[in-house]
Protein chains: 2
Amino acid sequence: MDELDSAIVRELQADGRQSNRALAAKLGIAPSTCLERTRLLQRRGIIQGYRAEVSFKALNRSVQAMVFTQVRPLRRDVVTAFEQSVTQLPEVVSVYTMAGSDDFLVHVTAQDIDHLHAFLLDQFTNRREIIAFRTSIIYQHLTNPVLGPLPPAE
Amino acid sequence: MDELDSAIVRELQADGRQSNRALAAKLGIAPSTCLERTRLLQRRGIIQGYRAEVSFKALNRSVQAMVFTQVRPLRRDVVTAFEQSVTQLPEVVSVYTMAGSDDFLVHVTAQDIDHLHAFLLDQFTNRREIIAFRTSIIYQHLTNPVLGPLPPAE
DNA sequence: CCCGAACACCGAATTTGATTCGGTGCGACT
DNA sequence: AGTCGCACCGAATCAAATTCGGTGTTCGGG
């Protein structure tokens, strides 16, 4: 993981579909070298994959919310089952499993407030393991475009 | 946005780098048609871009946390400045701007607990606009692999 | 200091994919 | 029935990915 690898990772985070030749040109190395590096990054698991980023609005998801959820009992099987089933609901973007007073943060999307409400009544109110949840609307979600490696400890 | 477009979006979310030919073959259409569709999806802003997904551990980020942050005064300029500057810190993955008692959720990463602590002392304790923050460790972050379009209202 | 192996890199040759574009069939509207 | 528009297709062309043999450099013996 030298400076060149970092640069490759940075570039591919910004644009995961730029051609290997273009990337090589930016970095001032030969395409074959660049390809070898990139493949190694993937084989080593540093680059885990490539994803298309999709507009929520285009997917008919104008409302986003975070659902702070408490589940009991906090047994492994209950926690795992909750994570798995909730993650696969179409309205759910991601699930954070947390320490602290809320066990999970569930990032959800819906067409509008009414659908959000209906979703929560259908999927959260009913579940026996959920003992409480609070919902907060997300106004905006910004993402850091470039996650570089943090410097190693000194 | 017909069924075919949805399938393209779904496939490219799963693997944003598969070749146009492979994608066309999966969908049973000609590569030229598939290319036209895909480009249209991008021109319409439905596909916003392609990103490499990178392992946190490989980037020397083993600890993740969510920082629930309250900022005052809640004026536009203060909010915007906070979002912008915090999003660009290398430890910050993303920032949710929220309704409710916490104004922001800041998803952060660090090498270890000590670095997390140092980061918070350096970047959060000092800021005049931050009046309070709580930090919770994230055990796990699961993401829904396939976000399809939600059905339109009836 | 010299030799040889290991390694990273390079560039030409080949294979594969992207892109273009003229043609075709189908559905809608007249 | 005619014609327009549209989506799709497939062959031809262009560009990129991939392979692979060769080269320079580093590093550890000898």
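In what follows, chains carry the letters A, B, and so on, assigned in the order in which the sequence lines appear, proteins first and then strands, with residues in each chain numbered from 1. Everything numeric in this text was worked out from a predicted model, so none of it was measured.
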Roughly how many Å is it from [atom1] in [X] to [atom2] in [N], rounded to a whole number?
| X | N | atom1 | atom2 | answer |
| --- | --- | --- | --- | --- |
| Asp5(A) | dA8(C) | CG | P | 10 Å |
| Ile29(B) | dT19(C) | CD1 | C1' | 15 Å |
| Asn20(A) | dG17(C) | CG | P | 15 Å |
| Leu4(B) | dA7(D) | CG | C1' | 11 Å |
| Gln18(B) | dT16(C) | CD | P | 18 Å |
| Asp2(A) | dT26(D) | CG | P | 15 Å |
| Ile8(A) | dC9(C) | CD1 | C1' | 12 Å |
| Arg43(B) | dT19(C) | CZ | P | 11 Å |

Closest nucleotide among [options] to the [X] side chain:
| X | options | value |
| --- | --- | --- |
| Ser19(A) | dA16(D), dC10(C), dC8(D) | dA16(D) |
| Glu36(B) | dC9(C), dC8(D), dT19(D) | dC8(D) |
| Arg37(B) | dC9(D), dC10(C), dC8(D) | dC8(D) |
| Leu35(B) | dC9(C), dA18(C), dA17(D) | dA18(C) |
| Arg39(A) | dC9(C), dT19(D), dT20(C) | dT19(D) |

Notebook entry, point to check: Salt bridge check: are Arg43(A) and Glu36(A) linked by an N-O gap of less than 4.0 Å?
Noted result: no

Next item on the list: Without swapping roles, check the side chain of Gln18(A) against the backbone of Glu11(A) for a donor-acceptor pair under 3.5 Å.
Entry: yes

Checklist line | Expected output: side-chain Asp15(B) to main-chain Gly49(A) donor-acceptor under 3.5 Å | finding: no

Notebook entry, point to check: Does a nitrogen or oxygen in the side chain of Thr33(B) sit under 4.0 Å from OP1 or OP2 of dC9(D)?
Noted result: yes

Checklist line | Nearest heavy-atom neighbours spanning Arg44(A) and Asp5(A) | finding: NH2-OD2, 3.3 Å

Next item on the list: Would you classify Leu23(B) as touching base, sugar-phosphate or nothing, given that sugar-phosphate means primed atoms plus P, OP1 and OP2, and contacts are heavy atoms under 4.0 Å?
Entry: nothing

Item checked: Contact nearer the 5' end of DNA chain C, comparing Arg21(A) with Cys34(A) -> Cys34(A)

Margin query: Before you tell me yes or no, could you show the steps for Phe56(B) and His141(B) under ring pair (Phe, Tyr, Trp, His ring centres under 6.0 Å), namely the whole-Å CA-CA distance, both residues' side-chain angles and the distance that decides it to 0.1 Å?
Written below: CA-CA 11 Å; Phe56(B) 279 123; His141(B) 181 196; 8.0 Å; no

